[in-house]
Amino acid sequence: MSITADNLKAARERLAEAQHIALVSHVRPDGDAVCSVLAVGLALQEQGKRVQMLLSDGAGQGFGYLEGVEQFNRNLDGEPDLVVSLDSAARDRLGAAIGDRAVDINLDHHVTNTEFAVINLVDAESVAACAVLAEHFPALGLDISPAVAEVLMVGILTDTLGFRTSNMTPKALRLAADLMEAGADLAKLYHRSLSQRSFEALRYWGAGLSHLQREDGLVWATLSLDDRKAARYPGNDDAELVNVMSTVEDAQLVVLFVQQSSDEVKISWRSEGHYDVSQIASQFGGGGHKPAAGAQVSGSLDEAVEKVLAATRQAMGL
């Protein structure tokens, strides 16, 4: 998995030739998913291209301050010249947004990426898809305007929890500095993306934290459909609760279970470098990185907790 001069050149040529481009990322999008699509979309629109920005679950509630976020749609309209996937490790993670349309370019940073496109730009050493973009925008024939710089900065901030994940590198900090020079207001974006939360999100956090449990270095919690309804939280994600849980003192591995329906549960794992949680997630058809990974499992919430904790305990040697 690497990004070469040849596949960058091939991607640049395809982007230059296409006039109608669809950009898509994974279901239940996080900040890096939203922002990687938005950054490329804004840059292409500045070149006069027709762009569709797609997320099958929508862009969520927390990114309304970013330029262009109102342009996201859930489904493809028409037949684009080019389809580009961003921040998605596998084709089936794109949901229904592009139907059965093939993916032409796949740009990502997950070590579990399956290289499912014609052109694959995958850097598993990078901290975020937005960091991959910040590094290679010029090679892709794209310009970093102030609006694009802000979007790329938010993607990096959210995927690194404000530059504090265990995979942070000096290179990533230099890219962030370049984005500041290009017009990104770090203090403002840090507050909006990492500190500010809705009233409903905090109520949702309260429900999850009331279910918090600990066993040696393993910490876990659950969020049920009833919890979401009681908090009136509008999304089907965890409102970033898993990152709050990762601050528990002496926690070596954190697991959050978020019920999606009566028979589907989303699992998020976090580790501060003690364990490779992408290997645990892969047992359930998921993936991610060593410090952060996710999967979706079938069954009730109780069933998911039982089987996922069993595999997680085994990985930890408990």
Side-chain angles (χ1 to χ4, degrees), residues 1-18 21-30 32-41 43-44 52-56 76 80-142 152 155-156 159 167 169 171-172 175 269 276-296:
M1 260 181 229
S2 63
I3 297 178
T4 67
D6 286 344
N7 58 18
L8 280 170
K9 181 175 181 289
R12 177 175 182 148
E13 290 174 350
R14 294 295 303 275
L15 288 168
E17 293 168 358
I21 301 169
L23 308 172
V24 63
S25 191
H26 58 78
V27 294
R28 294 181 300 279
D30 57 6
D32 198 26
V34 173
C35 292
S36 56
V37 171
L38 192 53
V40 177
L44 289 170
Q52 292 188 60
M53 292 185 265
L54 306 169
L55 292 167
S56 64
L76 186 64
D81 305 324
L82 194 71
V83 172
V84 181
S85 167
L86 298 146
D87 192 44
S88 188
R91 175 64 175 78
D92 59 10
R93 290 277 292 149
L94 301 177
I98 59 170
D100 58 2
R101 175 65 155 81
V103 176
D104 300 293
I105 300 173
N106 156 37
L107 185 145
D108 187 34
H109 70 123
H110 293 93
V111 68
T112 53
N113 191 282
T114 59
E115 299 197 345
F116 54 89
V118 177
I119 301 169
N120 296 286
L121 304 171
V122 182
D123 181 357
E125 300 299 317
S126 187
V127 299
C130 281
V132 178
L133 290 169
E135 180 179 359
H136 296 295
F137 244 46
L140 292 170
L142 303 174
L152 291 173
I156 294 172
D159 239 32
N167 63 341
T169 62
K171 179 181 179 180
L175 289 171
W269 289 265
D276 183 352
V277 294
S278 70
Q279 296 302 309
I280 307 174
S282 67
Q283 297 177 44
F284 299 94
H289 313 282
K290 182 176 180 180
Q296 184 153 317

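Worth saying up front: this structure is predicted, and the values here are computed from it rather than measured.
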Sort out for me which residue in Leu15, Val40, Val83 forms a side-chain contact (heavy atoms from CB on, under 4.5 Å) with Ile105.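 So, applying the side-chain contact (heavy atoms from CB on, under 4.5 Å) to Ile105 and each of Leu15, Val40, Val83, only Leu15 qualifies.
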Residue that, paired with Leu82, satisfies side-chain contact (heavy atoms from CB on, under 4.5 Å) out of Val118, Leu23, Leu44, Ile21: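 Result for side-chain contact (heavy atoms from CB on, under 4.5 Å) with Leu82: Ile21.
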Judged by atom type as modelled, is there a donor-acceptor pair below 3.5 Å linking the side chain of Ser56 to the main-chain atoms of Val27?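 Checked: no pair found.
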Closest contact, heavy atoms only, [X] versus [Y]:
X      : Y      : value
Ser88  : Phe116 : O-CE2, 3.5 Å
Asp87  : Ser36  : CB-OG, 3.9 Å
His110 : Gly288 : CD2-CA, 3.7 Å
Ala281 : Ala293 : CB-CB, 3.7 Å
Val103 : Ser85  : CG1-CB, 3.8 Å
Ala90  : Thr114 : CA-OG1, 3.7 Å

Residue list, side-chain hydrogen bond (donor to acceptor under 3.5 Å, both in side chains) with [X], at least two apart or on another chain:
X      : value
Asn106 : Asn113, Asn120
Glu13  : Lys9
Asn7   : Thr4
Arg12  : none

Could you state the interatomic distance from CG (Leu107) to CD1 (Ile119), rounded to the nearest 0.5 Å?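 Reported to 0.5 Å precision, the distance equals 11.0 Å.
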Distance from Cys35 atom SG to Leu86 atom CG, nearest 0.5 Å?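 Cys35 atom SG to Leu86 atom CG measures 11.5 Å (nearest 0.5 Å).
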Check ring-ring contact (aromatic ring centres under 6.0 Å, His included) between His26 and all other residues, then give those that pass, not counting sequence neighbours.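 His26: no ring-ring contact (aromatic ring centres under 6.0 Å, His included) contacts found.
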So do the side chains of Thr169 and Glu125 get within less than 4.5 Å of each other, counting heavy atoms only?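 Counting from C-beta outward, Thr169 and Glu125 never come under 4.5 Å.
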Step by step, work out the side-chain contact (heavy atoms from CB on, under 4.5 Å) result for Asp81 and Glu17. CA-CA 9 Å; Asp81 305 324; Glu17 293 168 358; over 6 Å; no
Got a list of side-chain donor-acceptor pairs under 3.5 Å for residues 93-101, not counting sequence neighbours?
| unit_1 | atom_1 | unit_2 | atom_2 | d |
| --- | --- | --- | --- | --- |
| Arg101 | NE | Glu79 | OE2 | 2.7 |
| Arg101 | NH1 | Asp104 | OD2 | 3.3 |
| Arg101 | NH2 | Pro80 | O | 2.8 |

Once side-chain contact (heavy atoms from CB on, under 4.5 Å) is applied, do any residues pair with Asp276, and if so which ones, sequence neighbours excluded?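 Here the qualifying residues are Ser278, Gln279, Lys290.
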Atom pairs and distances, donor-acceptor, side-chain atoms in residues 126-142, under 3.5 Å, two or more places apart:
| unit_1 | atom_1 | unit_2 | atom_2 | d |
| --- | --- | --- | --- | --- |
| Ser126 | OG | Ala128 | O | 3.2 |
| Glu135 | OE1 | Lys171 | NZ | 2.9 |
| Glu135 | OE2 | Lys171 | NZ | 3.0 |

